[in-house]
Amino acid sequence: MAVKDQPRAPRGRQIANIILLLSSLFLLVNVFFPNLFGPSIPQVPYSLFVHQIEEQQVTRVSLGQNQIRYQLKATDDQPAQVLATTPIPLDLELPKILEANGVEFAAAPPAQNGWLTSLLSWVVPPLIFVAIFQFFSGRGFGGPQGALSITKSKAKVYVEGESAKTTFADVAGVEESKTELVEIVEFLKSPQRFTQIGARIPKGVLLVGPPGTGKTLLAKAVAGEAGVTFFSISGSEFVELFVGAGAARVRDLFEQAKKQAPCIIFIDELDAIGKSRSSGIYGGNDEREQTLNQLLTEMDGFAVGDATVIVLAATNRPESLDPALLRPGRFDRQVLVDRPDLSGREAILKIHSVKVKLGPDVNLRAIATRTPGFAGADLANLVNEAALLAARARREAVAQEDFAEAIERVVAGLEKKSRVLNDKEKKIVAYHEVGHALVGAMTSTGGRVEKISIVPRGMAALGYTLQLPTEDRFLMDEAELRNQIATLLGGRSAEEIIFGSITTGASNDLQRATELAERMVTAYGMSKVLGPLAYEQGQQNMFLGNGGANARRAVSEQTAEAIDREVKGIVDQAHQQALDILNANRDLLETITGQLLETEVIEGEALQTLLTQVSQPSPVHA
Ligand code: ADP
Ligand code: MG
Ligand code: ZN
């Protein structure tokens with residue numbers, strides 16, 4: 001897809017720019033040669049001036065800071081004349097001389113053209129700066145990309161017809177979203193077919209989904225399939241330095257788009273401007289609000305049928321959007337772009353591995369199986385990472401083992417061998433991870449523990465326990481969810497048992513465990529007390545997975561309390577389960593931890609042999 005320069009500035013604009021250029025030149029010359037234009041005053045040496053005073057030829061004197069102006073008496077052969085001295089020496093005697101000769105004198109008021117000079121000295125330097133900048137950026141004055149056109153939209157324009165256009169074939173694993181967008185392509189291709197029978201063409205379509213699932217890619221594909229112009233701008237680019245500039249940009253963007261209709265305007269990161277007006281840490285952000293209001297006005301403004309401009313937007317935080325954006329006639333269509341499932345992942349891997357040389361042992365299906373939860377961008381990254389590893393090992397083609405290593409890298413961030421923990425920290429992390437592993441192994445229903453590591457990776461994780469589900473799970477029963485919560489609490493429980501205290505390292509585990517428990521109560525209806533009611537606000541928040549607290553439906557105080565009690569009950573019970581398992585397997589906990597501290601990583605056969613020794617606690621609490 002090629003990026004085309006925007007249409008050239010209209011003629012009127014060019015002329016205005018030439019005038020601007022000439023007038024700034026004029027101002028410039030005027031400042032440096034103030035006497036070039038307008039009447040000039042003859043200059044005389046200071047000594048002549050003093051002489052003339054003494055000769056009684058001077059009537060009035062005006063003392064300036066670096067120049068004296070004075071009036072000569074009219075003589076027979078000359079009318080009264082105003083003269084100025086050349087720059088003057090500091091002469092403290094002068095007032096006395098003037099007085100002695102009866103000359104009227106006063107300090108000059110700020111030079112008569114002072115206001116002009118000072119104005120110019122403010123105006124001219126920036127103008128020069130702009131002129132130089134413009135000259136070197138080689139864009140001509142005020143061109144569409146020029147510095148004088150700050151309010152112009154910075155939208156990149158993609159046009160169809162170029163060699164590398166994006167189509168739906170480049171997007172995989174999001175079949176449902178594609179189906180919905182095919183309809184949009186139809187609207188763009190033949191709008192009359194729909195308007196004829198009175199169908200209203202949607203104005204705004206919001207692509208909603210986690211980061212990296214292909215929202216931007218899909219928007220480009222829609223433009224590519226329909227063969228229309230594609231204006232793309234990111235919400236964050238709208239938020240400008242100057243109040244009002246963002247709004248002007250929106251206006252300009254829509255103006256341009258209407259001229260190019262049918263076309264697509266794509267606003268990436270809509271949440272950057274579309275944040276709910278009441279929320280936001282910065283309180284009221286005037287600039288953003290103005291931009292948002294302008295966007296709403298523009299979307300309401302263009303009548304259906306007058307031009308087919310479809311506004312696509314993408315966000316991964318739909319819950320933060322201003323509800324006004326979602327009203328009919330605005331972004332009234334929402335297309336969910338979710339993480340791909342197993343076969344979706346395989347298809348995406350296929351697309352991205354076209355460009356790399358694959359060895360005969362590579363099994364994309366197997367890779368897809370091992371990457372649940374990966375989004376399209378993660379998979380693209382994975383393929384590249386594997387190719388890099390193969391290149392580093394000087395292999396001819398990418399092998400399956402490169403993929404295996406790449407998965408680990410992408411899962412837990414790059415190894416950071418440089419980061420060292422002290423011995424005490426290392427010990428805590430080791431017990432913590434083995435705690436996860438043992439509880440996970442004991443309660444495992446879907447996945448098995450593949451690896452325990454205390455090699456620090458990425459930013460947050462000091463160590464990690466890799467438990468891969470053997471299949472994609474869409475349906476989990478209550479027992480499985482409880483087991484998952486227990487596994488999450490296993491790390492903290494081990495710390496409690498061994499050290500009697502808990503470190504801050506467990507906070508992410510706790511958060512995830514609590515969220516899961518809350519979901520069980522408020523979304524899945526698994527609480528006997530509260531019954532099968534959905535207390536979560538709609539579906540929107542759910543697919544975003546761990547995306548923070550769930551927005552609850554407005555509930556009575558008693559219900560809220562009951563929910564909290566139920567959530568706490570689930571977490572407490574899972575915690576007890578984890579403690580029981582670890583207490584019953586205390587020796588094994590010590591053994592594995594000792595080994596882990598030595599080798600830093602335990603995996604494969606060795607790990608499985610160790611974990612099969614785990615035994616059920618005697619049923620006291622169960
Ligand atoms: P988003 O806009 O949802 O954050 P992008 O569209 O920017 O995600 O995706 C980034 C890159 O990841 C794409 O350019 C593409 O290479 C890859 N990618 C993401 N999703 C998919 C998909 N569904 N199919 C193929 N490639 C994908
Ligand atoms: Mg994007
Ligand atoms: Zn943990």
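Counting from 1, the numbers follow the sequence of the chain as shown. Atoms within each ligand, like the ligands themselves, are counted from 1 in listed order. Keep in mind that this is a model prediction, so the values were computed, not measured.
In terms of protein heavy-atom proximity, atom 2 (O) of ligand 1 is nearest to Thr216 OG1, 2.6 Å. Nearest protein neighbour of atom 10 (C) of ligand 1, counting heavy atoms only, is Ala377 CB, 4.0 Å. Of the protein's non-hydrogen atoms, the one nearest atom 24 (N) of ligand 1 is Ala172 N, 3.1 Å. Of the protein's non-hydrogen atoms, His352 CE1, 3.0 Å is the one closest to atom 16 (O) of ligand 1. Leu217 CD1, 4.1 Å is the protein heavy atom nearest to atom 14 (O) of ligand 1. In this structure, the protein non-hydrogen atom closest to atom 8 (O) of ligand 1 is Gly214 N, 3.2 Å. Here the protein heavy atom with the shortest distance to atom 18 (N) of ligand 1 is Gly376 C, 3.6 Å. If you check which protein heavy atom lies closest to atom 4 (O) of ligand 1, you get Gly212 N, 2.8 Å.
Distances from the Zn ion (ligand 3) to each N, O or S atom of Asp509 single out OD2 as the nearest.
Distances between N or O atoms of Val171 and those of ligand 1 include no value under 3.5 Å. Checked against a 3.5 angstrom limit, the closest N/O atoms of Ile348 and ligand 1 fall outside it. For the pair Asp268 and ligand 1, the shortest N or O to N or O distance does not fall below 3.5 Å. Geometrically, ligand 1 and Val174 share no nitrogen or oxygen pair separated by less than 3.5 Å.
No hydrogens or angles considered: nothing links the side chains of Gln577 and Gln573 as a donor-acceptor pair under 3.5 Å. In this structure, a donor-acceptor pair under 3.5 Å is absent between the side chains of Asp572 and Gln576. Counted by atom type alone, Asn585 and Ser615 present one or more donor-acceptor pairs between their side chains at under 3.5 Å.
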- Task: Kindly determine whether Arg395 and Asp402 satisfy salt bridge (Lys or Arg N to Asp or Glu O under 4.0 Å), including the steps that lead there.
- Result: CA-CA 10 Å; Arg395 266 192 275 282; Asp402 296 320; 2.5 Å; yes

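Nearest approach of Lys215 to Phe266, heavy atoms of both residues: O-CZ, 4.5 Å.
Between atom CD1 of residue Ile265 and atom CD1 of residue Ile310 there is a gap of 11.0 Å, rounded to the nearest 0.5 Å. Taken to the nearest 0.5 Å, the CG atom of Leu270 stands 5.0 Å off from the CZ atom of Phe331. Atom CD1 of Ile452 and atom NE2 of His436 lie 10.5 Å apart (nearest 0.5 Å). The CG atom of Leu218 sits 8.0 Å away from the OG1 atom of Thr213 when rounded to the nearest 0.5 Å.
For Gly173, the heavy-atom gap to ligand 1 stays at 4.0 angstrom or more. At least one heavy atom of Asp170 sits under 4.0 Å from some atom of ligand 1.
Those atoms of ligand 1 with a heavy atom of Pro211 less than 4.0 angstrom away are 4 (O).
You'll find the side chain of Arg519 reaches within 4.5 Å of the side chain of Tyr524, heavy atoms only.
Atoms NE2 of His436 and NE2 of His432, as seen from the Zn ion (ligand 3), are separated by an angle of 90°, to the nearest 10°.
Checked for salt-bridge contact, Lys451 and Glu433 miss the test: no charged N lies under 4.0 Å from a carboxylate O.
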